[in-house]
Amino acid sequence: MKHRDTLELTDEQVAAFRHWRKLYYQDMVDLMNEIIQRRITLSKASLDAGLSSDEILAKQQQIFRLQERLLQVRLSCRNLIVETFSPDQWENMAFILEEYPRYAGLLDD
C-alpha cells in the first residue's frame, strides 16, 4: 500500500488489499508473535535435562504447524497479487524492489 501510486493500483485492488488486511493482518501478527515465543521456549527446553527428545521434537513440530498456518495466510495475499496484477504492475513492482537490496533479483527470470 505504501507504493500504491507507483504500482498504479486500481481502486478495486486497493479495496481488495484493504479487505485482506482487515481479515488477516491481526492473525498474521499473532501467529508471528506466537512463533517467536515458542522458539524461545524451545531454546530453553533444549537445555532442560528433564525433557525427553520426544518432548523437544513435539515443541518443534508445534512451531512447524504455526509456520505452515502463517505461510497459508501469506499465500492468500500472494494469490491476491498474482491474480490481479497486470504486466505493467509487475514491471512497477520490479522497479520498487530495486530500492531494497535484500530483494534484488527477486523478479529476474
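Residues: numbered from 1 along the sequence shown. Below, all heavy atoms of this structure are taken into account, side chains as well, without hydrogens, waters or symmetry copies.
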Visitor: Leu23: which residues meet the side chain to side chain contact (heavy atoms under 4.5 Å, CB included) condition with it, sequence neighbours left out?
Guide: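 In terms of side chain to side chain contact (heavy atoms under 4.5 Å, CB included), with neighbours along the sequence ignored, Leu23 is linked to His19.
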Visitor: Once rounded to the nearest 0.5 Å, what's the spacing between atom CG of Asp88 and atom CG of Leu7?
Guide: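 Atom-to-atom, Asp88:CG and Leu7:CG are 11.5 Å apart.
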Visitor: Begin with the C-alpha distance, continue with both residues' side-chain angles, and end with the deciding distance and a verdict on side chain to side chain contact (heavy atoms under 4.5 Å, CB included) for Ser76 and Tyr24.
Guide: CA-CA 9 Å; Ser76 70; Tyr24 298 109; 4.1 Å; yes
Visitor: Rounded at 0.5 Å granularity, tell me how far CD in Gln89 sits from OG1 in Thr84.
Guide: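 So the gap between those two atoms works out to 6.5 Å.
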Visitor: If you round to the nearest 0.5 Å, how far is CZ of Arg74 from CG of Asn79?
Guide: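 Answer for the CG-CZ pair, Asn79 versus Arg74, is 14.5 Å.
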Visitor: Return the CD to CD1 distance between Gln37 and Ile35, rounded to the nearest 0.5 Å.
Guide: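 Going from CD on Gln37 over to CD1 on Ile35, the span is 11.5 Å.
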Visitor: Which residue pairs pass the salt bridge (Lys or Arg N to Asp or Glu O under 4.0 Å) test with at least one member in residues 26-52, sequence neighbours excluded?
Guide: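 Residue pairs passing salt bridge (Lys or Arg N to Asp or Glu O under 4.0 Å), neighbours aside: Glu34-Arg38.
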Visitor: Give the cluster check for Ile63 versus Met32: same hydrophobic cluster or not, with ILVMFWY residues linked at side-chain heavy-atom distances below 4.5 Å.
Guide: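 The answer is yes; both residues are in one hydrophobic cluster.
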Visitor: Count the heavy atoms of every other residue, nucleotide or ligand shown that sit under 6.0 Å from CZ of Phe17, and state whether that count exceeds 12.
Guide: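 It does: Phe17 CZ has more than 12 such atoms within range.
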Visitor: Has the side chain of Glu55 got a donor or acceptor atom that lies under 3.5 Å from a matching backbone atom of Ser52?
Guide: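 Indeed, once roles are kept as given, a pair shorter than 3.5 Å links the two residues.
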Visitor: If you measure from CG on Leu51 to CG on Leu42, what distance do you get to the nearest 0.5 Å?
Guide: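 That separation rounds to 10.0 Å.
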Visitor: Would you list the pairs meeting ring pair (Phe, Tyr, Trp, His ring centres under 6.0 Å) in which at least one residue belongs to residues 32-86, sequence neighbours left out?
Guide: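 Output for this query lists Phe85-Trp90.
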Visitor: Can you tell me if Glu68 has over 12 outside heavy atoms packed within less than 6.0 Å of its CD?
Guide: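 12 or below, so no.
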Visitor: Any side-chain heavy atom of Met93 sitting closer than 4.5 Å to one from His3?
Guide: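 Contact flag for Met93/His3 side chains = no.
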Visitor: To the nearest 0.5 Å, tell me how far Cys77 SG sits from Arg21 CZ.
Guide: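 The SG atom of Cys77 sits 10.5 Å away from the CZ atom of Arg21.
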Visitor: Any chain of hydrophobic side-chain contacts (each under 4.5 Å) joining Met1 to Trp20?
Guide: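 Yes: a chain of side-chain contacts under 4.5 Å links Met1 to Trp20.
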Visitor: Residues two or more places apart in sequence or in another chain: which of them pass side chain to side chain contact (heavy atoms under 4.5 Å, CB included) with Asn33?
Guide: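 Listed in chain order: Val29, Ile36.
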Visitor: Please list, chain by chain and in numerical order, all residues satisfying side chain to side chain contact (heavy atoms under 4.5 Å, CB included) with Arg78, sequence neighbours excluded.
Guide: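 Here the qualifying residues are Leu75, Val82.
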Visitor: Kindly say whether Leu57 contributes a backbone atom to a donor-acceptor pair with the side chain of Gln60 at under 3.5 angstrom?
Guide: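 Absent.
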Visitor: Taking a hydrophobic cluster as the set of Ile, Leu, Val, Met, Phe, Trp and Tyr residues connected by side-chain heavy atoms closer than 4.5 Å, whether directly or through intermediates, do Tyr25 and Val73 fall within one such cluster?
Guide: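 Yes, because Tyr25 and Val73 connect within a single hydrophobic cluster, where side-chain heavy atoms sit under 4.5 Å apart.
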Visitor: Sorted by first residue and then second, give each ring pair (Phe, Tyr, Trp, His ring centres under 6.0 Å) pair with at least one member in residues 37-57; sequence neighbours left out.
Guide: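 Checked against ring pair (Phe, Tyr, Trp, His ring centres under 6.0 Å) - neighbours excluded - no pair reaches residues 37-57.
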Visitor: Say whether Ile56 and Ile40 are linked into one hydrophobic cluster, either directly or through other cluster members, by side-chain heavy-atom distances under 4.5 angstrom.
Guide: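 No, Ile56 and Ile40 fall in different hydrophobic clusters.
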